[in-house]
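Read through the structure below, which is laid out as structure tokens, and then see the notes.
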Amino acid sequence: MLNNKNICVLGAGVSGLSTASFLSDSGYPVHIITKDDPRTATLHPEFSSLFPAASIIPHTVNSNKLRDLFRLSKDRFGKLHDKQFPGVTINRHYELYSHPRSVPAYAKTMDHFEVFDDFKHEFHPDHPEYPAVAGWRYSAYFADWPLYFSALIRNTLEKIEGFEIKTLSPDDIRELPYDIIINCTEIGSLNLFEDSSEQILHRGHLLNLPGIPAIRDPQGKVVSYNFSPGKEVYRSENGIEQDVYCYSRQDGLVLGGSRQKGTLDSHGKWVGEESQDPVIAVDNLKLPAQILELHSAILNHSFECKLPPKSKMRSKVGYRFTRSHENGLRLETEETGDKLVIHNYGHGGAGVTLSWGCAHRVTELLKEATN
Ligand SMILES: Cc1cc2nc3c(=O)[nH]c(=O)nc-3n(C[C@H](O)[C@H](O)[C@H](O)COP(=O)(O)OP(=O)(O)OC[C@H]3O[C@@H](n4cnc5c(N)ncnc54)[C@H](O)[C@@H]3O)c2cc1C
């Protein structure tokens, strides 16, 4: 019988916790083993779940398979919002470009999606020097991360059968006393499992502005935005256009963004794109100055919000790990020795966005494999 199988989830980031929670709700007793304890872990860029900004927006979702997962995930976030699960919020989200841009494919999946045709008379966050000429707004779920992630941890630990902190090696996995392994170790999968696909990291910088109140539109709705000033103003080392984003949280604003492509060498050191001049240092971390400069101008111009001095800001850098094919994500079953492994890794910049959809799919894969 299904429930007689011993199931172990590897990893306690947002994927491992959401998957363990979904499996428990579906009647499966599960254990979790993780290298990092999410309740106490100190920041290190490889543990991605300490970093998300975290919008539930399918910016990097571009296949039917992932779109289906997004729909499932969005539905679950909607239910959590209705149940007032901590940290699940709805913002009016703006995406603005200082150059022409066509409407994205995900427009259909977002609620209240409206394209701007009158930039003069309709409220939108704007940059005084690089005014928007294309853009849209919609309603989107957000996870106010400090609130949401701690509630997800608490809620999941209450449901599961066991929780163990251990750094596993491939040999340990063969010896684990479980029939079914659900692999949610994200970048850790590179050491633990065979995978011939190309592995890619995108490094992202964040600034936290503690104590700065949520930004709001003239109707009082909480606002968030992405803004692309064009390649001439902000691009990566390899010339890819970059955008910046600002999300409101209960404890202050979060400013991003950067997507620097690279990988890690055999000592775990970053090898890849670096921040290009102009660069600023906040909290001893160097990051693209555009993140601060563009937001500072937009926030001041559109919300009369003045940024605090750099000494009051906090900075972070984390990795988004993905795989080159099938839009990155590995969500499939593999038999290794006497164990069944269900993989759930390679989420890139969409691990929160897809978390509940992936958890749902893992549960379906488990049912298919064991029935
Ligand atoms: C700057 C930034 C902004 C982002 N913003 C967003 C956003 O707005 N929306 C969004 O959807 N996503 C966002 N992301 C992406 C998101 O953070 C990740 O996709 C997500 O956190 C991945 O979660 P995970 O649980 O799969 O992996 P992780 O959080 O990395 O967890 C991996 C787990 O595996 C464990 N593990 C690893 N190796 C081993 C081992 N050998 N033995 C035992 N355990 C092991 C680790 O300890 C950890 O518990 C952002 C990422 C960054 C860096």
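Counting convention: from 1, in listed order, for ligands and their atoms alike. These values consider heavy atoms only, across backbone and side chains, with no hydrogens, waters or symmetry-generated copies.
- The protein atom (non-hydrogen) at minimum distance from atom 5 (N) of ligand 1 is Ala53 N, 3.1 Å.
- The pair Asp75-Lys79 counts as a salt bridge, with a side-chain nitrogen and a carboxylate oxygen less than 4.0 angstrom apart.
- Of the N or O atoms in Val352, one or more lie within a sub-3.5 Å distance of an N or O in ligand 1.
- Classified by interplanar angle (parallel below 30°, tilted 30° to 60°, perpendicular above 60°), the ring pair Phe123/Tyr94 is perpendicular.
- Remark: ligand 1 atoms within the under-4.0 Å shell around heavy atoms of Gly188 are 37 (C), 38 (N).
- If you check which protein heavy atom lies closest to atom 48 (C) of ligand 1, you get Phe47 CE1, 3.6 Å.
- Put simply, no part of Ile187 is less than 4.0 Å from ligand 1, judged by heavy atoms.
- The OG1 atom of Thr336 sits 10.5 Å away from atom CD of Glu194, with the distance rounded to the nearest 0.5 Å.
- Those atoms of ligand 1 with a heavy atom of Thr353 less than 4.0 angstrom away are 9 (N), 10 (C), 11 (O).
- Residue Ile57 does not touch ligand 1, judged by heavy-atom distances below 4.0 Å.
- Salt bridge status for Arg92 with Glu114: absent, with no side-chain N to carboxylate O gap under 4.0 Å.
- Counting only distance, with no hydrogens or angles, the side chain of His267 and the backbone of Lys269 share no donor-acceptor pair below 3.5 Å.
- For Lys35, a nitrogen or oxygen atom sits less than 3.5 Å from a nitrogen or oxygen atom of ligand 1, counting backbone and side chain alike.
- Of all the atoms in ligand 1, the ones that sit under 4.0 Å from a non-hydrogen atom of Cys184 are 32 (C), 33 (C), 34 (O).
- Among Ser48, Ser355, Ser258, Gly348, the residue whose heavy atom lies nearest to atom 19 (O) of ligand 1 is Gly348.
- Within the set Pro38, Ser55, Gly256, the minimum heavy-atom distance to atom 8 (O) of ligand 1 is found for Ser55.
- The Gly11 neighbourhood of ligand 1 comprises atoms 33 (C), 34 (O), 35 (C), 49 (O), with distances under 4.0 Å to a heavy atom of that residue.
- Distances from atom 10 (C) of ligand 1 to the heavy atoms of Pro52, Ala41, Ala54, Gly349 show the closest one on Gly349.
- Between the side chains of Asn91 and Ser139, no donor N or O sits under 3.5 Å from an acceptor N or O.
- Counting atoms of ligand 1 from 1 in the listed order, those under 4.0 Å from a heavy atom of His347 are 19 (O), 26 (O).
- Note: no N/O pair closer than 3.5 Å links Thr167 and ligand 1 by distance alone.
- Counting heavy atoms from C-beta outward, Lys306 and Asn300 have side chains that approach closer than 4.5 Å.
- Those atoms of ligand 1 that come under 4.0 Å of a heavy atom in Asp36, given as number and element, are 46 (C), 47 (O).
- Here the two rings, on Trp145 and Phe51, have centers that are 6.0 Å apart or farther.
- The pair Asp37-Arg39 meets the salt-bridge criterion, with a side-chain N (NZ, NE, NH1 or NH2) lying under 4.0 Å from an Asp/Glu carboxylate O.
- Geometrically, ligand 1 and Asn344 share no nitrogen or oxygen pair separated by less than 3.5 Å.
- In terms of protein heavy-atom proximity, atom 2 (C) of ligand 1 is closest to Arg320 NH2, 3.8 Å.
- For Tyr345, the closest heavy-atom approach to ligand 1 does not fall below 4.0 Å.
- The line from CD1 of Ile33 to SG of Cys184 is 12.5 Å long, rounded to the nearest 0.5 Å.
- Residue, atom and distance of the protein heavy atom nearest to atom 27 (O) of ligand 1 are Glu186 CB, 3.2 Å.
- Only backbone heavy atoms of Lys166 (N, CA, C or O) come within less than 4.0 Å of ligand 1; its side chain stays farther off.
- Note that the OG1 atom of Thr19 and the CG atom of Leu331 stand 8.5 Å from one another [nearest 0.5 Å].
- Using a 4.0 Å cut-off between charged nitrogen and carboxylate oxygen, Lys339 and Asp179 do not count as a salt-bridge pair.
- Nearest-heavy-atom check against atom 40 (C) of ligand 1 across Thr322, Leu168, Val61 picks out Leu168.
- For ligand 1, the polar-atom distance check finds an N/O of Ser15 within less than 3.5 Å of one of the ligand's N/O atoms.
- Under the 3.5 Å distance criterion, with hydrogens and angles disregarded, a donor-acceptor pair is assigned to the side chains of Tyr345 and Arg330.
- Taking all heavy atoms of Ser73, Ser49, Ala12 into account, the minimum distance to atom 29 (O) of ligand 1 is reached by Ser49.
- Ligand 1 is approached by Val14 to a heavy-atom distance shorter than 4.0 Å.
- A salt bridge does not link Lys231 with Asp243: none of the charged nitrogens is closer than 4.0 Å to a carboxylate oxygen.
- At a heavy-atom distance under 4.0 Å, only backbone atoms of Glu46 (N, CA, C or O) approach ligand 1.
- Using a 4.0 Å cut-off to heavy atoms of Gly318, the atoms of ligand 1 that qualify are 53 (C).
- A salt bridge links Arg361 with Glu364: the closest approach of a Lys/Arg side-chain nitrogen to an acidic carboxylate oxygen falls below 4.0 angstrom.
- Nearest to atom 34 (O) of ligand 1 among the protein's heavy atoms is Thr185 CA, 3.3 Å.
- Salt bridge present: Asp111 and Lys74 bring a charged side-chain N and a carboxylate O closer than 4.0 Å.
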